[in-house]
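Worksheet: one structure, shown below.
When reading the values below, keep in mind they use all heavy atoms of this one structure, side chains included, and skip hydrogens, waters and symmetry mates. If you read the sequence from its start, that first residue is 1, and numbering goes on from there.
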Amino acid sequence: MASLMLAAPAQAAPAKASSDATAAKAGAVAAAGDKSIGVVPMHWSCGRSAPPDLDTSGGHHTLEAANMRVGSSTRCAVAGISYPSQSLDYHCWARDINGVDSWTYVVNVSTKVGGWIRDDLLNDYGSGIQCPNQTEPT
């Protein structure tokens, strides 16, 4: 009579801390286009020139009257005001200086004024394209 031998189940090798950190960093890089908290808090400094117009989508407006600022922060001066009845041309998005709120650079189609509006004030939560060459935190 033949005997059967059963093998013990294979155990996975424990994960290395360094590979976990590498995977987390790769995930953050891959997620750079999304607006997840935890991405490096780059921002657009007050008074910098406008970012490039990378977003070609349309149908954008504010939910209520909203200040348009000269940088991606409430600390920056107001460049103009946009109203829900006015169409907006999105360029791209950036975080505020604290890395918390996301902001979209817009040009008001009616007034031709450009500025940054916090994404929660926009009908579709802002641009899906992250601005290049943002200011790194100090």
Side-chain angles (χ1 to χ4, degrees):
M1 177 154 244
S3 63
L4 295 173
M5 294 186 61
L6 298 175
Q11 291 183 337
K16 296 180 183 173
S18 63
S19 63
D20 287 347
T22 302
K25 187 174 183 179
V29 170
D34 74 24
K35 297 181 182 178
S36 303
I37 300 295
V39 176
V40 177
M42 309 274 272
H43 65 282
W44 206 265
S45 300
C46 301
R48 270 184 75 185
S49 60
D53 188 357
L54 301 175
D55 192 329
T56 59
S57 62
H60 313 297
H61 59 85
T62 59
L63 297 172
E64 57 192 50
N67 288 328
M68 300 168 64
R69 298 190 177 264
V70 298
S72 61
S73 172
T74 55
R75 298 177 190 174
C76 298
V78 175
I81 299 175
S82 184
Y83 297 95
S85 62
Q86 297 172 321
S87 293
L88 301 174
D89 173 26
Y90 287 179
H91 284 209
C92 53
W93 72 271
R95 289 239 171 262
D96 66 3
I97 196 166
N98 299 314
V100 177
D101 295 316
S102 58
W103 293 66
T104 293
Y105 185 85
V106 306
V107 173
N108 184 311
V109 176
S110 300
T111 65
K112 307 297 186 234
V113 173
W116 292 90
I117 297 179
R118 203 175 63 222
D119 286 343
D120 64 336
L121 301 175
L122 298 167
N123 70 306
D124 53 6
Y125 209 68
S127 177
I129 300 173
Q130 190 173 23
C131 296
N133 305 316
Q134 295 182 42
T135 305
E136 294 192 35
T138 56

Contacts of R75 that satisfy side chain to side chain donor-acceptor pair (under 3.5 Å) - sequence neighbours left out: none
Evaluate side-chain contact (heavy atoms from CB on, under 4.5 Å) for S102 paired with Y125, printing each intermediate quantity in order. CA-CA 9 Å; S102 58; Y125 209 68; 3.9 Å; yes
Nearest heavy atoms of G128 and D55, plus distance in Å: N-OD2, 3.9 Å
Checking side-chain polar atoms at under 3.5 Å, does S72 have a donor or acceptor matched by the opposite partner on D96? no
Report yes or no: does N123 contribute a side-chain atom to a donor-acceptor pair with the main-chain N or O of H61 at less than 3.5 Å? yes
Connected hydrophobic set around I117, excluding itself, where side chains approach under 4.5 Å: M68, L88, Y90, V106, V113, L121, L122
I need the minimum non-hydrogen distance between E64 and T62, along with the two atoms involved. O-OG1, 2.8 Å
Hey, does H43 have a side-chain heavy atom less than 4.5 Å from the side chain of D101? no
What's the spacing between Q134 CD and C92 SG if we round to 0.5 Å? 7.5 Å
On a heavy-atom basis, which atom in P84 and which in A65 lie closest, and how many Å separate them? CD-N, 3.9 Å
Residues at least two apart in sequence or cross-chain that pass side chain to side chain donor-acceptor pair (under 3.5 Å) with H91, listed by chain then number, are none
What is the distance from atom CG of D119 to atom CH2 of W103, rounded to the nearest 0.5 Å? 9.0 Å
Sidechain-backbone polar pair: R69 side chain, T74 backbone, donor-acceptor under 3.5 Å: yes
Among side-chain atoms of D124 and H60, is any donor-acceptor pair under 3.5 angstrom? yes
Side-chain heavy atoms of S110 within contact of S87, under 4.5 Å: no
Minimum heavy-atom distance between V70 and A79, given as atom pair plus value: CG1-CB, 3.9 Å
Interatomic distance, N108 atom CG to S82 atom OG [nearest 0.5 angstrom]: 4.5 Å
W44 and W116: aromatic ring centres closer than 6.0 Å? yes
